[in-house]
Amino acid sequence: MSKGINRREFVHTSMAAGLAAAVPPSLHGAAPTVLIPKSLKPVVISDLSGILYKNGGPVSAVEKAFEMIVAGSDVLDALIAGVKIPELDPEETGIGYGGLSNADGVVQLDACCMHGPKRWAGGVAALEGVRTPSLVAKAVMENTDHHLLAGKGAQDFARGMGFTIEDDLNTERSRGLWLEWMRRVDPGHYLDPARRSQRGYDVGLAMVRQGLIEEHAFWGTIHCNGISPNGEIAGVTTTSGRAFKVPGRVGDSPILGAGLYVDGDIGAAGSTGRGEANLYNLCSYLIVEHMRHGMHPKDAGMEALRRIKANTIEERLLNSRGDPAFDIRFFALSARGEFAGVAMYGAREQEYAVCTENGAERLPLEGLLSGSPTD
Ligand code: GLY
């Protein structure tokens, strides 16, 4: 094997050579795909970040991914090109550059991606200094035998792969919100450590209620999945994690089976919202397994929400009705091209983003519970 080409590129290139005769001339040079008769309508779905944040450009994440999928790009390449847009958008304070920092004022990012047809996966956790953790996750997938790199090791890997490492991914806005959080949490230096963590959570949520932080940005995250006309499925999830988290905290987003799960024959699912609830229940995996047994993505998502509700028993996590005092959302897509967005509280963030041949639109999230998590 020649120097400068890794094993996976070799396999990829070999596949491309084998398929070249079947590839229409317009697609020569594009990522190889297995060409089978067109039978599916391609679709890309994500949470609302995928339609709201365009980084000053003309297209949203779901539009970019959809355009690339129908043009013949590899489905995961397309999804990552999509989520890169909100990752780079300084106005999106829940993802990538300008994401809300941890409790020490340092932006630490989590991401993972899965490629259905290839059965490949990669992720990074608590990564500092790289604006696009989804691309580093993809590099882990393509260039290592591992599925997850964390902390300094993830950053060293990114540097080695040629990513620019920045000292600080805060924007003026994210730094200002961290300073405001610090001013409220720690007016006279630290509280009792046992109380500080709960106090930090409560103060953060109070800033959400006052409109200083968008609710979706407190838990960060964009999840995006999609299917190509020839039935290839992939997904990606990327986040700055819970705002003002304990340094080193890793949420659900980079964990396979939690923030994302893809089975190329069955479907994909991913999440935004309280990562700890998802980590405890591994709901993306659960949703894909329910779809494997025939459930529609919406019913599978609802089952996952019921599992979270049943396992949420600590008083500090319950509201006055005894229901979870947090929101969490799942975006599920089956290999048949059916899809759904579900939320613990459908009435709160009522919509998710979808892009089909009809263009990008916002569709209602189906809620398990009504009302607000914090009432
Ligand atoms: N779901 C994003 C997080 O909890 O980090």
Side-chain angles (χ1 to χ4, degrees), residues 46-50 53 83 86-87 92-96 98-104 106-114 123-128 133-134 137 148 150-151 154 169 174 178 181 197 200-201 204-205 208 213-225 235-261 268-287 301 304-305 307-308 311-312 317 324-332 341-345 348-349 352 365 373:
S46 88
D47 60 285
L48 275 186
S49 296
Y53 294 97
V83 301
E87 280 183 329
E92 166 52 285
T93 52
I95 305 166
L100 291 175
S101 68
N102 66 20
D104 288 347
V106 177
V107 180
Q108 288 185 328
L109 304 174
D110 297 337
C112 78
C113 61
M114 292 183 79
V124 287
L127 171 66
E128 297 177 13
S134 64
L148 182 60
L169 294 183
S174 64
W178 173 70
W181 180 82
S197 161
Y201 185 52
L205 286 178
V208 172
I213 299 172
E214 291 100 341
E215 193 270 345
H216 80 270
F218 185 69
W219 293 103
T221 319
I222 177 169
H223 166 74
C224 190
N225 65 50
V236 56
T237 303
T238 171
T239 187
S240 52
R242 206 203 89 181
F244 319 128
K245 60 196 171 187
V246 172
R249 177 261 190 189
V250 173
D252 59 330
S253 300
I255 305 300
L256 307 181
L260 168 68
Y261 196 71
S271 169
T272 69
R274 181 179 160 81
E276 280 70 13
N278 190 13
L279 277 172
Y280 194 84
N281 295 283
L282 294 179
C283 286
S284 292
Y285 181 74
L286 188 62
I287 290 169
L305 292 167
R307 176 73 62 90
I308 289 176
N311 278 331
T312 304
L317 296 173
F326 53 82
D327 211 348
I328 184 157
R329 295 163 284 275
F330 294 99
F331 310 93
V342 300
M344 187 67 79
Y345 292 92
R348 294 267 303 168
E349 186 185 321
Y352 67 112
L365 283 166

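Just so you know, ligand 1 is whichever comes first in the structure, and atom 1 is the first atom listed for that ligand. Computed from a predicted structure; not experimentally measured.
- Looking at C112 and L256, their side chains come closer than 4.5 Å, going by heavy atoms from C-beta outward.
- Within the 4.5 Å cutoff, the side chain of F330 has heavy atoms near those of the N278 side chain.
- The nearest non-hydrogen atom to atom 4 (O) of ligand 1, considering only R249, K245, R242, comes from R249.
- Contact check on E276 versus R249 returns a salt bridge, with a Lys/Arg side-chain nitrogen under 4.0 Å from an Asp/Glu carboxylate oxygen.
- Contact of the P324 side chain with the Y345 side chain is registered, since non-hydrogen atoms from C-beta on lie closer than 4.5 Å.
- Relative orientation of the F331 and H223 rings is parallel, given thresholds of 30° and 60° on the angle between their planes.
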Could you go step by step and tell me if L109 and T238 meet the side-chain contact (heavy atoms from CB on, under 4.5 Å) rule? CA-CA 8 Å; L109 304 174; T238 171; 6.0 Å; no
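- The contact set between ligand 1 and T221, taken as ligand atoms under 4.0 Å from a residue heavy atom, comprises 1 (N), 2 (C).
- In terms of polar-atom proximity, G275 is counted as a contact of ligand 1, with an N or O under 3.5 Å from an N or O of the ligand.
- When only interatomic distances are considered, the shortest N/O to N/O separation between G241 and ligand 1 does not fall below 3.5 Å.
- Distance from atom 3 (C) of ligand 1 to its nearest protein heavy atom, with residue and atom name: D252 OD1, 3.3 Å.
- Contact annotation for R329 and ligand 1: no heavy atom of the residue comes within less than 4.0 Å of the ligand.
- The heavy atom nearest to atom 1 (N) of ligand 1, out of those in G251, G273, A125, is found in G273.
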